[in-house]
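Below is one structure; the comments refer to it alone.
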Amino acid sequence: MSNRSFGWLLVLSVIGLFFFAEEIFSVFGMALGSVIELTVTLLISLFFVGLVFFVVVTVFGSVLLGAGAAFIALILSGIGFFWPLILCVLVLYFIFRKPKVSRTG
């Protein structure tokens, strides 16, 4: 690539960055915010699962019972975390499923 075409590419890039800076920064901000939100939610969820395990093992003295309670807490926190996705999948399932045809004699 010649020096002249690199200069034009640089000028067009700066102009594009000038006009679309707000959109570019908003996309980066949204991505960073989503990563932080998911990380914090996951850490809080795992903290409560560990807390449930600790309390059940301390009170009842059974590691197996504590693991079961922690597994139930993990499932419930997963449902609480992913309920919008589960709802969308269920709605799409009910929209696009093939209805069963009942044959009456």
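One-based numbering along the sequence shown. Predicted model, so just to flag it, every value in this text is computed and none were measured.
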- Message: When you group the ILVMFWY residues by side-chain heavy-atom contacts below 4.5 Å and let the links chain together, are V59 and V56 in the same group?
- Response: yes
- Item | Common cluster, F96/V91, ILVMFWY with side-chain heavy-atom separation under 4.5 Å | yes
- Message: According to a hydrophobic-cluster definition based on side-chain heavy atoms being under 4.5 Å apart (Ile, Leu, Val, Met, Phe, Trp, Tyr only), do F81 and L87 belong together?
- Response: no
- Report the distance from atom CG of L12 to atom CG of L17, rounding to the nearest 0.5 Å. 12.5 Å
- Identify whether F82 and I75 are in the same connected component of the hydrophobic contact network (ILVMFWY, side-chain heavy atoms under 4.5 Å). no
- Message: Can you confirm whether E22 is buried at CD, in the sense that more than 12 heavy atoms of other residues, nucleotides or ligands lie under 6.0 Å from that atom?
- Response: no
- Determine yes or no for a side-chain-to-main-chain donor-acceptor pair under 3.5 angstrom, with S45 supplying the side chain and L42 the backbone. no
- Rounded to the nearest 0.5 Å, what separation is found between the CH2 atom of W83 and the SG atom of C88? 9.0 Å
- Query: Atom CG in L51, atom CG in L46: separation rounded to 0.5 Å?
  - Reply: 12.5 Å
- Message: To check you understand the geometry: which heavy-atom pair defines the closest contact between V52 and A70, and what is its length?
- Response: CG1-N, 4.1 Å
- Message: Can you tell me how far apart OG1 (T39) and CD1 (I44) are? Round to the nearest 0.5 Å.
- Response: 11.0 Å
- Task: Could you go through the side-chain contact (heavy atoms from CB on, under 4.5 Å) check for V63 and F53 one step at a time?
- Result: CA-CA 8 Å; V63 174; F53 177 77; 4.2 Å; yes
- In Å, rounded to the nearest 0.5 Å, how long is the span from CG of L10 to CD1 of I15? 10.0 Å
- To the nearest 0.5 Å, atom CZ of F71 lies from atom CG of L76 at 10.5 Å
- Message: Could you check whether atom CG of L85 has more than 12 heavy atoms from other residues, nucleotides or ligands sitting under 6.0 Å from it?
- Response: yes
- Message: Check for me, please, whether L43 and L38 land in the same ILVMFWY cluster - side-chain distances under 4.5 Å, paths through other members count.
- Response: no
